[in-house]
**Q** 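Quick one: the structure is below, and I'll ask about it shortly.
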Amino acid sequence: MSRHATLILGGARSGKSSFAERLSRESGLERHYVATGQAFDDEMAQRIARHREDRGTGWTTHEAPIELVKCLEKVGSDGRVVLVDCLTLWVSNLMMAGEDVEQASAELVRHLEKLRGSYLFVSNEVGVGIVPENRMAREFRDHAGRLHQQVAAVADEVYLVAAGLPLKMKG
Amino acid sequence: MSRHATLILGGARSGKSSFAERLSRESGLERHYVATGQAFDDEMAQRIARHREDRGTGWTTHEAPIELVKCLEKVGSDGRVVLVDCLTLWVSNLMMAGEDVEQASAELVRHLEKLRGSYLFVSNEVGVGIVPENRMAREFRDHAGRLHQQVAAVADEVYLVAAGLPLKMKG
Amino acid sequence: MSRHATLILGGARSGKSSFAERLSRESGLERHYVATGQAFDDEMAQRIARHREDRGTGWTTHEAPIELVKCLEKVGSDGRVVLVDCLTLWVSNLMMAGEDVEQASAELVRHLEKLRGSYLFVSNEVGVGIVPENRMAREFRDHAGRLHQQVAAVADEVYLVAAGLPLKMKG
């Protein structure tokens, strides 16, 4: 076996995570979940708990708020599907930690071409809508948009999810 | 005849209402318009008036800012098409009135499975773009997104409209 | 030869400009670039410089922050492809200059039907996401959305770009 990567984009509560979980279950592979989110406050903790409940059992969970590439190297292998939820939170964590997002993104894409196993990357579509007044938000939007383009370029399949329905963009 | 439901999603000024009105006219059925919007200020009154003008004649108009399910039960029947414009305003009205949005959404979806006649639900795609800083806006986004997924799951057809052009997601 | 017009919509960093540039190069026609953006501050200057670098050589560049129609009349002709990047910045410039945006939009669409040559209009999808609290931003969203609908109606092809991948909406 070789590597298979899928990018799943969608808005908040678009059903993108549920779609990714369904694809994972249907793959029949050993399921690994890589969470990039961190519970900084009660609202975030509630969101994470809700996601975990929706996901159900049968997953091995890993946390990778910053060290996503290292985590993928350790977890990914033939016979496994690795669901990363989500790339935008990873970008946001990198920015808050003062890391170089463009370098980290390039590193992720480079590693994606070498890895073995099956990967599903969930991410938020944040580039549409009015230009944010906050400079940090504009930079975040730029970083996320560039990362989406780079991952989409090397991915085997790309989906856009709205109202729980997937629209195939590539593959 | 039985029930036929269509969900039409799109951004502000995407042409989603015009598309729904066109589908209604083409159905040849008796046309009913259910407005969920309320004119709280001049800007909103202007938007409502503009929509009414665009819509033209040949419609029986109903207002249902909160009691949408009761209105659909009263208005919907074989031989009629009921255009609901729009679901996001309904969610917003429910929140402002302190109603339980998840319960009201579930009730709408349950009733949708029992109703007879043809229904078109127009709604705003609000889940994409930067996460709003305002907690109320985040809750609104979550409620709207979940409602869209639920309605899409029971709908016969789902469209995403951009620049006046419909993209079929389901049906 | 006659006129061929393409509308390319997408979010920030969606890859819409790169896609438009690729279509321009593939056309084999003489390439003209019409920039509507103005460098008011360092951030904008940086964005413009980055775009110019991405674009590469082989372009004749024109600036049209306000007088877009006059520029198109002067530049467009058989044997040439004219890339306008982007319509939303033009709308924003018109608003800041106190111009009548609806009149200017109607004039652009009218001229589009008379012009000869090939045209690519890049624009930002700004109508999705939470309703902005700022009234000016809501007006901008309305103007941009109406302009997109009007241009899409007369365009030969319309694309929606996400993560660098084009989705054909018309043509």
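Here is how names work: the chains are called A, B, and so on, in the same order as the sequence lines, proteins then strands, and each is numbered from 1. It should be emphasised that the depicted structure is a prediction, and the values quoted were computed from it without experimental measurement.
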**Q** Do you know which of A:Gly10, A:Ala144, A:Gly15 has the most heavy-atom pairs under 4.5 Å to chain B?
**A**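 Most heavy-atom pairs within the cutoff with chain B belong to A:Gly15.
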**Q** So which of A:Ala137, A:Ser14, A:Pro132 has the largest heavy-atom pair count under 4.5 angstrom toward chain B?
**A**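 Highest number of heavy-atom pairs under 4.5 Å: A:Ser14.
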**Q** Can you tell which part of A:Arg138 gets under 4.5 Å to a heavy atom of chain B, answering side chain, backbone, both or neither?
**A**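 Neither part.
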**Q** Tell me whether A:Asp41 at atom CG has more than 12 heavy atoms from other residues, nucleotides or ligands lying less than 6.0 Å away.
**A**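 Yes, the 6.0 Å shell around CG holds more than 12 heavy atoms from other groups.
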**Q** Who wins among A:Ala163, A:Gly164, A:Gly11 for the most heavy-atom pairs under 4.5 Å with chain B?
**A**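 Highest number of pairs under 4.5 Å: A:Ala163.
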**Q** Going by the salt bridge (Lys or Arg N to Asp or Glu O under 4.0 Å) test, name the single residue among A:Lys170, A:Lys168, A:Arg3 that passes it with A:Asp156.
**A**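 The residue from A:Lys170, A:Lys168, A:Arg3 that satisfies salt bridge (Lys or Arg N to Asp or Glu O under 4.0 Å) with A:Asp156 turns out to be A:Arg3.
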**Q** Between chain B and each of A:Leu165, A:Leu167, A:Leu9, count heavy-atom pairs under 4.5 Å; write down the option with the most.
**A**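 Sorted descending by pairs with chain B, the first entry is A:Leu165.
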**Q** Of all residues at least two apart in sequence or in a different chain, which pass the side chain to side chain contact (heavy atoms under 4.5 Å, CB included) check with B:Gln150?
**A**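 Counting only residues at least two positions away or on another chain, B:Gln150 forms a side chain to side chain contact (heavy atoms under 4.5 Å, CB included) with B:Ser105, B:Val109, B:Leu147.
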**Q** Taking atom types as modelled and ignoring hydrogens, do the side chains of A:His111 and A:Glu73 form a donor-acceptor contact shorter than 3.5 angstrom?
**A**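 Present: a donor and an acceptor within the cut-off.
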**Q** Looking only at heavy atoms and a cut-off of under 4.5 Å, which of B:His148, B:His143, B:Arg135 has the most pairs with chain A?
**A**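 Going by pairs under 4.5 Å, I would pick B:Arg135.
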**Q** Name the orientation class of the two ring planes belonging to B:His32 and B:His62 (parallel below 30°, tilted from 30 to 60°, perpendicular beyond 60°).
**A**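 Parallel, since the angle between the ring planes stays under 30°.
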